[in-house]
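All values reported here derive from a predicted model rather than from experimental measurement. Atoms considered below: every heavy atom in the structure, side chains included; atoms not considered: hydrogens, waters and symmetry mates. For ligands, and for the atoms within them, numbers begin at 1 and follow the listed sequence.
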Amino acid sequence: MVMEKVINKGLEGVVITASSLTSIDGQVGKLMYRGYLIGELAEHGTYEEVVWLLLNGELPTASQLDAFRAELADQRTVPDGIVQMLRMLPQGADSMAALRTAVSMLAVYDAEAEDLSAEANRRKAVALTAKMATIVAAFERVRTGHEPVAPRKDLSHAANFLYMLTGQEPDATSAHIFDICLILHADHEMNASTFSARTTASTLSDVYSAITSAVGTLKGSLHGGANARVMEMLQQVGGPENAETWIKDALANKKRVMGFGHRVYKTEDPRATVLRKLSKELGERLGTPQWYQISRTVEQEVLAQKNLYPNVDFYSASTYFMMGIKTDLYTPIFALSRIAGWTANLLEQYADNRLIRPDSDYVGPRERSYVPMGQRA
Ligand code: ACO
């Protein structure tokens, strides 16, 4: 007798663990890291404070934050072998494939890679948070025929990344906007890439393997890959006057409009609220208001025609574009922020582990006899 199994496709509503990291109320559009509202963290905090908060549970004191900034800055350099590998990649290599490969490769340079103790894993969390930014910047430098820019210890995580990307120290406003973007993307409860990371760790595999899984999962266009696709859409729409027809056609052709909809939020994603404002202000400051205007009109059309709200990927696209960042770096940038949440989740997973091993409902042929080769049709 075969037991009937209930299929929960997409694992919607399935609770796989208790966590004290991030909470979401999707009905009212509330997101909190360790009980702090995302809007307040974005307004008053820094990325370094948020990483500390995620890893340690409390906001840092001034001296804890100073020490943590120094610890991160000390970890920014990546092994030469990683840069050599980036140089060996063929022209046109996918940016997330490059990041995924580099993250995986970091393991072989870390003598503690296989040490699953809490202390070693915390150290790896900090090292990965520092180094992923260096890797993404080095990838961009190398593929454009430039030398990687060595990290600076005196700059914040956000400012140092922009500096390594361009070779120019960013102005305070750009660094601040980028810092806010990093805060907004730092963690998001049991999303697909975090689940991947936890699943890999639950086999008692190492942190680098778990983060490699997470990067691969974030890459998809239904998850972190959506931000780059949003920018392609905004460019195709071309102007606010085209938005209504463009969206109508896309929906009539059963296309997904990137940057809209969410498994958890049934109203506006609070990160989109912050990013909408940033996109608008940046456009006004730089004299390029059209990207915000197109985005806003697309948003109104998608709401009117499909009742869907923007998610974090929607306004981050125009914001990064106006900051002069190449479209295919948006998802790697998402990853270099989300590393904080991924690693904080891994610390929780290792501390209270049980193998993650779901089930499937077999619907193939029932038991049958092996057919010898000569008798097969
Ligand atoms: N455009 C058009 N239709 C959509 C969209 C969208 N962006 N999002 C959901 N829908 C529709 C689906 O077509 C489906 O309609 P149907 O019932 O008529 O077939 C219905 O809404 C439910 O969609 P599901 O895919 O079942 O909902 P789910 O909760 O799995 O989807 C997801 C969440 C994948 C994010 C979806 O909204 C989507 O594809 N959005 C576009 C991609 C995107 O922006 N991803 C980034 C999400 S945020 C993040 O990961 C960082």
Side-chain angles (χ1 to χ4, degrees), residues 7-15 21-22 24 26-27 29-31 33 38 42 96 99 181-198 213-234 236-237 243-276 279 295 297-320 327 329-342 345:
I7 300 178
N8 201 324
K9 214 170 164 195
L11 296 182
E12 182 163 3
V14 176
V15 179
L21 286 163
T22 292
I24 304 173
Q27 297 302 325
K30 214 181 226 188
L31 163 63
Y33 297 162
I38 191 68
M96 283 296 277
L99 178 62
C181 293
L182 293 182
I183 292 171
L184 296 176
H185 289 84
D187 193 36
H188 206 238
E189 207 218 43
M190 198 48 63
N191 57 88
S193 53
T194 298
F195 179 62
S196 273
R198 278 193 180 248
S213 300
V215 174
T217 305
L218 186 75
K219 179 173 179 286
S221 62
L222 294 188
H223 192 10
N227 50 16
R229 302 275 306 277
V230 168
M231 200 59 227
E232 288 162 17
M233 170 178 73
L234 298 178
Q236 282 169 23
V237 173
E244 185 182 347
T245 314
W246 201 96
I247 297 300
K248 213 171 255 167
D249 286 352
L251 293 176
N253 289 310
K254 300 265 170 246
K255 284 195 188 142
R256 295 216 166 201
V257 187
M258 291 292 137
F260 288 89
H262 200 278
R263 178 61 68 77
V264 182
Y265 295 113
K266 301 304 165 208
T267 181
E268 179 157 307
D269 179 336
R271 302 167 298 176
T273 315
V274 178
L275 285 161
R276 183 193 290 111
S279 170
S295 305
T297 322
V298 165
E299 180 190 355
Q300 285 159 347
E301 285 302 324
V302 177
L303 184 62
Q305 294 184 35
K306 188 78 184 175
N307 198 27
L308 287 171
Y309 293 89
N311 57 50
V312 69
D313 286 321
F314 187 63
Y315 280 102
S316 58
S318 51
T319 304
Y320 293 150
T327 310
L329 295 180
Y330 299 177
T331 314
I333 286 171
F334 191 151
L336 71 86
S337 162
R338 181 59 58 85
I339 184 64
W342 286 335
N345 269 274

Inset, instruction - Tell me, with the steps shown, if F260 and F314 meet ring pair (Phe, Tyr, Trp, His ring centres under 6.0 Å). - result: CA-CA 7 Å; F260 288 89; F314 187 63; 4.6 Å; yes

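Under the 4.0 angstrom criterion, atom 44 (O) of ligand 1 counts as having a protein heavy-atom contact. For atom 19 (O) of ligand 1, no protein heavy-atom neighbour is found at a distance under 4.0 Å. Counting protein heavy atoms under 4.0 angstrom from atom 40 (N) of ligand 1 gives one or more. Contact annotation for atom 16 (P) of ligand 1: protein absent (non-hydrogen atoms, distance under 4.0 Å). Inside a 4.0 Å radius of atom 22 (C) of ligand 1 there is not any protein heavy atom.
Note on R276 versus E268: salt bridge recorded, some NZ/NE/NH1/NH2 to OD/OE distance being below 4.0 Å. Between E301 and K306 there is no salt bridge, since no side-chain N of the basic residue sits under 4.0 Å from a carboxylate O of the acidic one.
Under 4.0 Å from ligand 1, heavy atoms of L222 appear from its side chain as well as its backbone.
Counting atoms of ligand 1 from 1 in the listed order, those under 4.0 Å from a heavy atom of K306 are 3 (N).
Looking only at side-chain heavy atoms (C-beta outward), I38 and Y33 come within less than 4.5 Å of each other.
In this comparison of L308, V302, V257, the heavy atom closest to atom 4 (C) of ligand 1 sits on L308.
Aromatic pair H223/H188: centroids not less than 6.0 angstrom apart.
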